Structure formats: structure tokens, C-alpha cells
Novice: 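Encoded as C-alpha cells, here's the structure I'll be asking about.
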Number of protein chains: 2
Amino acid sequence: MSESAIRRLSLYLRALEEMGDDGEEIVSSRLLAERVGTTGPQVRKDLSLFGSFGTRGLGYAVRPLRVRLRDILGLSRRWSVALVGAGRIGAALVAYPSFRERGFEIVTILDNDPEKIGTRWNGIAIGPVERMEEAFRRNPAEVAILAVPAEAAQDAADALVRVGVRGIMNLAPVRLRVPEGVAVKHVDMAVELESLSFALRHLVR
Amino acid sequence: MSESAIRRLSLYLRALEEMGDDGEEIVSSRLLAERVGTTGPQVRKDLSLFGSFGTRGLGYAVRPLRVRLRDILGLSRRWSVALVGAGRIGAALVAYPSFRERGFEIVTILDNDPEKIGTRWNGIAIGPVERMEEAFRRNPAEVAILAVPAEAAQDAADALVRVGVRGIMNLAPVRLRVPEGVAVKHVDMAVELESLSFALRHLVR
DNA sequence: CAATGTGAACTTCTTCACAGCG
DNA sequence: CGCTGTGAAGAAGTTCACATTG
């Protein structure tokens with residue numbers, strides 16, 4: 001069950017959601033593959049890791065497959081999310097509607113800036129990071145989005161683990177150390193840009 | 001030369017930059033590995049893809065390795081960057097100082113919102129996306145950061161390719177189709193969150 | 001003696017070909 | 001007849017062991 005297979009499932013789900021709204025009933029592995037930039041066999045392999053959802057000779061029924069994928073990905077429930085770091089990136093994420101649509105609801109926002117503490121974003125009062133425990137007693141979250149400066153990230157992550165967070169999406173340019181049983185996904189734009197740079201280094205100018 | 005090896009090089013470089021400021025002269029593959037969350041042999045394998053930079057029995061000299069890595073990654077030059085999409089995410093990226101520090105300079109900002117066009121961000125006047133060609137004649141860019149809504153992303157990417165962009169970092173939740181010779185890196189937070197959800201789906205509650 | 005550099009073993013992921021089935 | 005489901009082949013990436021060398 002590779003990480004990349006899971007990521008592709010998420011892409012398949014997105015494609016199916018876009019399709020459903022267009023009224024398509026059936027989709028072939030080939031077509032789905034085209035939409036997410038992979039191949040038919042890859043799609044079938046990925047899906048077959050979790051069962052047989054298709055009909056031979058026909059393809060996959062869009063709606064049921066969508067339901068199955070949501071289920072597999074753990075998206076048929078609500079996830080409570082804590083946002084740590086109410087800077088510009090945090091602001092962008094809070095305003096981003098598709099997280100909530102997909103079941104991720106921000107219930108707690110924490111920051112250290114005294115100017116921000118007490119103000120409300122989307123109806124949620126921003127609390128101080130030092131009072132994380134208190135904030136979590138009121139509004140516990142299973143997942144956290146970490147959007148603080150690099151220097152503050154590891155401490156914040158430690159605190160999050162202490163209050164029971166089981167998954168962290170980290171936007172700070174630091175590799176977090178977390179104990180077993182806590183999942184971390186790194187979104188590292190510097191790394192992405194630098195790998196672009198590598199790809200272009202001999203092609204350009 | 002795997003994608004993941006390149007990403008690790010970028011992490012090694014970051015670690016080395018942090019170290020250099022602390023005055024450490026020599027680093028072992030083991031130590032470097034620890035800082036980025038991998039293993040000594042992995043570090044040595046990755047580096048050996050590009051040459052032998054270490055001293056047996058000793059380790060790697062921090063500063064020269066840093067220089068070599070910058071070179072390998074194509075970071076010993078300046079890259080001009082066009083930002084398409086001056087929403088909240090765009091705002092966060094423009095304000096983020098480490099892009100510029102690492103040689104990526106935003107020279108053009110484009111958006112479609114009439115309210116924004118003409119205003120200045122970091123001294124750069126926001127232009128209309130429709131006049132991309134004109135904007136690029138004035139301030140050409142090799143790389144683009146795409147931070148527009150999903151529906152607008154493919155059209156914007158097509159336009160960017162037409163004006164000569166060779167690499168795109170895409171933040172829109174869409175898989176872009178681009179011709180051969182154009183590199184795309186996807187930063188897809190929905191996918192990251194959903195793969196977190198998958199990891200937690202049976203562990204939590 | 002300590003840590004690199006690397007071929008070889010191993011493991012994981014992807015591609016392929018085709019049997020199976022509606 | 002068409003498209004899925006899958007075992008087997010192939011490719012890619014990682015780990016390991018150790019010979020090498022300052």
C-alpha cells in the first residue's frame with residue numbers, strides 16, 4: 001500500500017467528483033487515468049489493492065466508486081483540524097473552502113502574535129500557542145496544520161503531539177521529528193522550486 | 001537520477017546552510033542523514049550520483065559541499081519567477097523571503113481581479129492575466145508559480161507555456177497538461193490532507 | 001581507524017499481457 | 001466483444017556490506 005498509490009486514489013476521487021457533477025455514469029480506467037495523468041493499468045492496480053469495484057467489459061460506476069474511495073481514504077467522517085500559525089499561509093488555508101467541503105473542519109486556531117490573539121477568523125477566536133492544552137480541551141482536533149516559522153515548528157509539533165494530535169500537515173521548511181504513531185506530511189515549496197530548478201538547469205538560457 | 005534523490009539533495013542543502021551558520025566545518029553522512037530524516041548510506045548514494053565530495057575517514061566539508069549542491073541543483077544562478085494569481089496564497093508566497101534568498105525572484109505578478117490590477121505588491125505592479133505576453137516582454141520569467149482557482153489553472157498554464165515558461169509550480173488542485181520540455185511540480189494540499197486521513201482512518205476514535 | 005564510495009542484494013513500484021467475465 | 005482484475009516480468013529505488021583511503 002504505497003504512499004504514491006494513496007495519493008493517486010485522492011486524485012481519482014477528485015476526478016470522479018468533477019465527473020459526477022457532469023452526469024457521467026460510467027468511467028473506464030483509461031479515462032480516469034487520462035484525467036489524472038497516469039495509465040489505465042495503474043488505475044486498475046491501485047483500485048484492486050482494495051477490492052474489485054468495476055464491471056468487466058464496462059468500467060466503473062462513478063457514484064459508487066466515489067463512495068468507496070471516500071471510505072478507503074477515511075473521508076466519510078469529519079476531521080477536526082487545528083491550525084497553528086495565523087500568518088499569511090494560515091489565512092489562505094482558513095479561507096480555502098474545499099478543506100471543509102471534504103470533511104476537514106478547522107476548529108482551533110493558535111498563534112503567538114499578541115496582535116492576532118483574540119481576533120476571529122471565520123468565527124474562530126485565535127488563541128495563544130502556549131495555551132494549546134486549554135484550547136484542545138474545548139475544541140480537540142485529530143489533525144493539525146502547522147504554518148509557523150521554521151524556528152518554531154519543532155516545538156509546536158512537540159506540543160501538538162502532547163495534546164493528542166495524530167497527524168500533522170507541515171508547511172514549515174523543516175523536517176519534523178515525531179514519535180511513532182504520528183503521521184506527518186510535508187508541504188515544502190522550497191524543495192519543489194529547487195527540484196524545478198534542477199530540471200531546468202541545463203535547458204534554460 | 002530519481003525525483004526523490006533530487007528532493008533529498010535540496011534537504012541536504014538546507015541542512016548544510018543551517019549548519020554553516022553555526023560554524024561546523026565537517027559533517028558525516030550519518031549526521032546529515034539525521035537532520036533530514038534519512039540514513040547515512042542514502043546520503044552517500046545520493047551524493048555519489050554526482051561525484052565524490054567527501055574525504056574517507058573524515059566526512060564532508062560543509063562549505064564546499066554546499067557550493068556543489070547549489071551548483072547541482074541549478075541554484076548558482078538567478079531565476080526569474082512570474083506569479084499568476086494574486087489571491088491569499090499568492091500573497092503569502094510574495095511575502096516569503098526565502099524564495100528570493102535562494103535565487104528565485106518574482107518579477108511579474110498577474111491576476112484577473114480588476115480591484116487588484118494596478119496595485120503594487122513588493123513594488124511590483126499587478127497586471128491582467130490577458131496581457132501576459134506584454135508583461136513577459138517587459139519582465140520575462142523562466143519559472144511560474146500558479147496560484148489561481150482550479151477552473152482557471154489549465155488556461156493559465158497554456159498561456160504560460162506560450163510565452164516561454166519552462167517550469168511551473170502549480171498550487172491549484174488540478175493536474176496540468178503541459179507539452180514535453182516543460183516541467184511541472186504539483187503542490188496539492190488536498191492530496192496531502194487526504195493521505196493523512198488515510199493514515200489515520202483506523203487509528204483515531 | 002573512521003567514514004566514504006560503490007557493487008550487489010533486496011525490496012518496492014510500475015508496466016505488461018492476458019485470462020476472466022459481464 | 002470490451003474492459004476489468006491480476007500474476008508475472010521488469011524497472012527503479014533503497015539497503016547493505018565491505019573494500020578503500022586519507
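All figures in this text were calculated on a predicted structure; none of them were measured in a lab.
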Novice: State whether A:Arg78 and A:Glu142 are salt-bridged, where the test is any N-O pair (Lys NZ or Arg NE/NH1/NH2 against Asp/Glu carboxylate O) under 4.0 Å.
Specialist: no
Novice: To the nearest angstrom, how far is A:Leu49 atom CG from C:dT14 atom C1'?
Specialist: 12 Å
Novice: Please check if atom CD in B:Glu25 has more than 12 non-hydrogen atoms from other residues, nucleotides or ligands closer than 6.0 Å.
Specialist: no
Novice: Return the orientation label for the A:Phe50 and B:Phe198 ring planes: parallel under 30°, perpendicular over 60°, tilted otherwise.
Specialist: perpendicular
Novice: Considering residues, nucleotides and ligands other than B:Arg77, do more than 12 of their heavy atoms fall under 6.0 Å from its CZ?
Specialist: yes
Novice: Which residues in residues 58-73 of chain A have at least one heavy atom lying under 4.0 Å from any atom of DNA chain C?
Specialist: none
Novice: With nearest nucleotides of DNA chain D determined for A:Ser48 and A:Gly57 from heavy-atom distances, which residue corresponds to the more 5′ nucleotide?
Specialist: A:Gly57
Novice: Quick one: A:Leu47 CG to C:dT14 C1', roughly how many Å, whole number?
Specialist: 15 Å
Novice: Which residues, if any, of residues 176-193 of chain B bring a heavy atom under 4.0 Å of DNA chain D?
Specialist: none
Novice: Rounded to the nearest Å, what distance is computed from the CD atom of residue B:Gln42 to the C1' atom of nucleotide D:dG13?
Specialist: 8 Å
Novice: Name the closest nucleotide to the A:Arg8 side chain, picking from C:dG5, C:dT14, C:dT4.
Specialist: C:dT14
Novice: Is there a donor on the side chain of B:Arg56 or the base of D:dT21 sitting less than 3.5 Å from an acceptor on the other?
Specialist: no
Novice: For residues 148-163 of chain B, which side-chain donor-acceptor pairs fall under 3.5 Å, sequence neighbours excluded?
Specialist:
from, atom 1, to, atom 2, distance (Å)
B:Gln154, OE1, B:Arg177, N, 3.0
B:Gln154, NE2, B:Asp158, OD1, 2.8
B:Gln154, NE2, B:Arg177, O, 2.9

Novice: When the ring planes of B:Phe104 and B:Trp79 are compared, do they come out parallel, tilted or perpendicular, using 30° and 60° as the limits?
Specialist: parallel
Novice: Given D:dG13, D:dT6, C:dT4, which nucleotide is nearest the side-chain atoms of B:Ser29?
Specialist: C:dT4
Novice: Grab the CD-C1' distance between A:Glu3 and D:dG13 for me, whole Å please.
Specialist: 16 Å
Novice: Examine the side chains of B:Ser10 and B:Tyr12 and answer whether a donor and an acceptor come within less than 3.5 Å of each other.
Specialist: no
Novice: Tell me whether B:Asn122 contacts the main-chain N or O of B:Ile124 through its side chain, where contact means a donor paired with an acceptor under 3.5 Å.
Specialist: no
Novice: Thinking salt bridges, do A:Glu3 and A:Lys185 make one under a 4.0 Å N-O criterion?
Specialist: yes
Novice: Can you measure B:Asp46 atom CG to C:dG5 atom P for me and round it to whole angstrom units?
Specialist: 12 Å
Novice: Let me know the distance between NZ of A:Lys45 and P of D:dA8, rounded to the nearest Å.
Specialist: 10 Å
Novice: What's the CZ-C1' distance between A:Arg44 and D:dG2, to the nearest Å?
Specialist: 11 Å
Novice: Could you work out which one of C:dA8, C:dT15, C:dG22 sits closest to the side chain of A:Thr55?
Specialist: C:dG22
Novice: Can you tell me the distance, in whole Å, between the CE atom of B:Met1 and the P atom of D:dT14?
Specialist: 12 Å
